[in-house]
Amino acid sequence: QVQLVESGGGLVQAGGSLRLSCAASGRTFSKCTMAWFRQAPGKERQFVAAISWSRGITYYADSVKGRFTISRDNAKNTVYLQMNSLEPEDTAVYSCAATSPYYVGSDYYSYYSTNIYDYWGQGTQVTVSS
């Protein structure tokens with residue numbers, strides 16, 4: 001069982017930066033692929049970024065490429081999302097998610113789907129003002 005707790009959200013002006021953190025419990029964190037999703041009011045949950053457990057391969061939504069960076073520190077059981085050049089369109093509740101240990105996606109886009117993630121945090125609000 002993995003429990004996830006996000007932090008670092010808040011209110012920021014357009015063009016600013018935030019770093020989100022997701023602390024995981026349990027001893028299997030290093031074997032789980034981790035991801036960030038977001039959900040704006042009235043919209044479906046959207047993939048943001050993921051980082052694999054095996055070689056730290058990263059995946060990004062087109063809308064955040066070049067602005068957001070996902071990373072992980074297995075010694076601290078924590079995954080991060082560094083968000084730069086924030087835009088009002090980035091306003092959403094951001095949640096981290098984890099696969100079961102040793103999960104390997106069937107193809108590149110597997111990691112973009114909510115279906116492969118078994119554990120979810122409660123989310124943290126990010127609001128970007130214009």
Side-chain angles (χ1 to χ4, degrees):
Q1 192 77 5
V2 177
Q3 293 184 324
L4 306 173
V5 179
E6 302 94 338
S7 61
L11 173 64
V12 64
Q13 287 189 330
S17 299
L18 281 175
R19 188 175 82 154
L20 305 183
S21 300
C22 174
S25 66
R27 296 186 289 178
T28 59
F29 174 82
S30 65
K31 305 305 181 187
C32 300
T33 289
M34 303 297 297
W36 288 95
F37 286 79
R38 67 186 182 186
Q39 189 167 22
K43 295 188 177 181
E44 292 188 352
R45 185 172 281 176
Q46 177 187 41
F47 172 80
V48 176
I51 184 165
S52 71
W53 65 269
S54 58
R55 289 182 287 174
I57 298 172
T58 56
Y59 306 82
Y60 294 97
D62 287 344
S63 59
V64 306
K65 276 181 185 175
R67 300 190 298 123
F68 291 11
T69 303
I70 188 170
S71 61
R72 64 190 300 160
D73 185 336
N74 289 336
K76 295 183 178 180
N77 274 21
T78 301
V79 63
Y80 304 98
L81 185 68
Q82 178 67 45
M83 305 186 294
N84 299 329
S85 302
L86 282 161
E87 304 167 353
E89 294 73 22
D90 296 317
T91 295
V93 174
Y94 284 71
S95 300
C96 71
T99 64
S100 292
Y102 302 105
Y103 174 87
V104 177
S106 58
D107 58 45
Y108 180 89
Y109 291 102
S110 297
Y111 300 100
Y112 287 57
S113 171
T114 59
N115 294 334
I116 71 165
Y117 297 96
D118 295 315
Y119 307 101
W120 292 83
Q122 292 296 315
T124 185
Q125 176 71 46
V126 172
T127 303
V128 184
S129 63
S130 57

Engineer: Checking side chain to side chain contact (heavy atoms under 4.5 Å, CB included) against Thr127, which of Asp90, Leu11, Leu18 comes through?
Structural biologist: Leu11
Engineer: Please confirm whether the ring centroid of Trp53 lies under 6.0 Å from the ring centroid of Tyr103.
Structural biologist: no
Engineer: Is it the case that one hydrophobic cluster holds both Tyr94 and Trp120, taking links as side-chain heavy atoms less than 4.5 Å apart, direct or via other members?
Structural biologist: no
Engineer: May I ask whether Leu81 and Val126 are part of the same hydrophobic cluster, defined by side-chain heavy atoms of I, L, V, M, F, W, Y residues being less than 4.5 angstrom apart, directly or through others?
Structural biologist: yes
Engineer: Return yes if some donor-acceptor pair links the side-chain N/O of Ser52 with the main-chain N/O of Ile57 below 3.5 Å, else return no.
Structural biologist: yes
Engineer: Measuring from atom CZ of Arg19 to atom CE of Met83, what distance do you get when rounded to the nearest 0.5 angstrom?
Structural biologist: 11.5 Å
Engineer: What's the shortest heavy-atom distance between Ser95 and Gly123, and which atoms?
Structural biologist: OG-CA, 3.6 Å
Engineer: Closest approach of Arg72 and Asn74, non-hydrogen atoms and distance?
Structural biologist: NE-OD1, 2.9 Å
Engineer: Are Phe47 and Ile116 connected, step by step, through hydrophobic side chains (Ile, Leu, Val, Met, Phe, Trp, Tyr) whose heavy atoms are closer than 4.5 Å?
Structural biologist: yes
Engineer: Ring pair (Phe, Tyr, Trp, His ring centres under 6.0 Å) with Tyr108: which residues, sequence neighbours excluded?
Structural biologist: Tyr59, Tyr112
Engineer: Count the heavy atoms of every other residue, nucleotide or ligand shown that sit under 6.0 Å from CD of Gln125, and state whether that count exceeds 12.
Structural biologist: yes
Engineer: With side chains defined as the heavy atoms from C-beta onward, is the minimum distance between Met34 and Leu4 less than 4.5 Å?
Structural biologist: yes
Engineer: Are Val64 and Arg38 side-chain neighbours, meaning at least one heavy-atom pair lies under 4.5 Å?
Structural biologist: yes
Engineer: Show the nearest heavy-atom pair for residues Lys76 and Thr78, with the distance to one decimal.
Structural biologist: O-OG1, 2.8 Å
Engineer: Would you mind listing every disulfide bond (SG atoms under 2.5 Å apart) that reaches into residues 17-48, with sequence neighbours excluded?
Structural biologist: Cys22-Cys96
Engineer: Considering all heavy atoms of both residues, which atom of Val2 and which atom of Ser25 are nearest to each other, and what is their separation?
Structural biologist: CG1-O, 3.8 Å
Engineer: Report yes or no: do Tyr80 and Phe68 belong to one cluster of Ile/Leu/Val/Met/Phe/Trp/Tyr joined by side chain heavy-atom distances under 4.5 Å?
Structural biologist: no
Engineer: Tell me whether Glu6 contacts the main-chain N or O of Gln122 through its side chain, where contact means a donor paired with an acceptor under 3.5 Å.
Structural biologist: yes
Engineer: Would you name the heavy atoms of Thr91 and Val128 that are closest together and state the gap between them?
Structural biologist: OG1-N, 2.9 Å
Engineer: With sequence neighbours excluded, tell me which residues meet side chain to side chain contact (heavy atoms under 4.5 Å, CB included) with Asn77.
Structural biologist: Phe29
Engineer: Return the minimal non-hydrogen interatomic distance between Gln82 and Ser17, and the atom names on each side.
Structural biologist: NE2-CB, 4.0 Å
Engineer: Keeping the roles fixed (side chain from Tyr111, backbone from Gly105), state whether a donor-acceptor pair exists under 3.5 Å.
Structural biologist: yes
Engineer: Could you check whether any side-chain N or O of Thr99 sits under 3.5 Å from a backbone N or O of Thr33, counting only pairs where one atom can act as donor and the other as acceptor?
Structural biologist: yes
Engineer: Please report the interatomic distance OG(Ser54) to OH(Tyr102), rounded to the nearest 0.5 Å.
Structural biologist: 11.5 Å
Engineer: Classify the angle between the aromatic ring planes of Phe37 and Tyr117 as parallel (below 30°), tilted (30 to 60°) or perpendicular (above 60°).
Structural biologist: perpendicular
Engineer: Indicate if Val93 and Trp36 have the same hydrophobic cluster label, given that clusters are the connected sets of ILVMFWY residues with side-chain heavy-atom separations under 4.5 angstrom.
Structural biologist: no
Engineer: Can you check whether Ser63 reaches Glu89 side chain to side chain, under 4.5 Å on heavy atoms?
Structural biologist: no
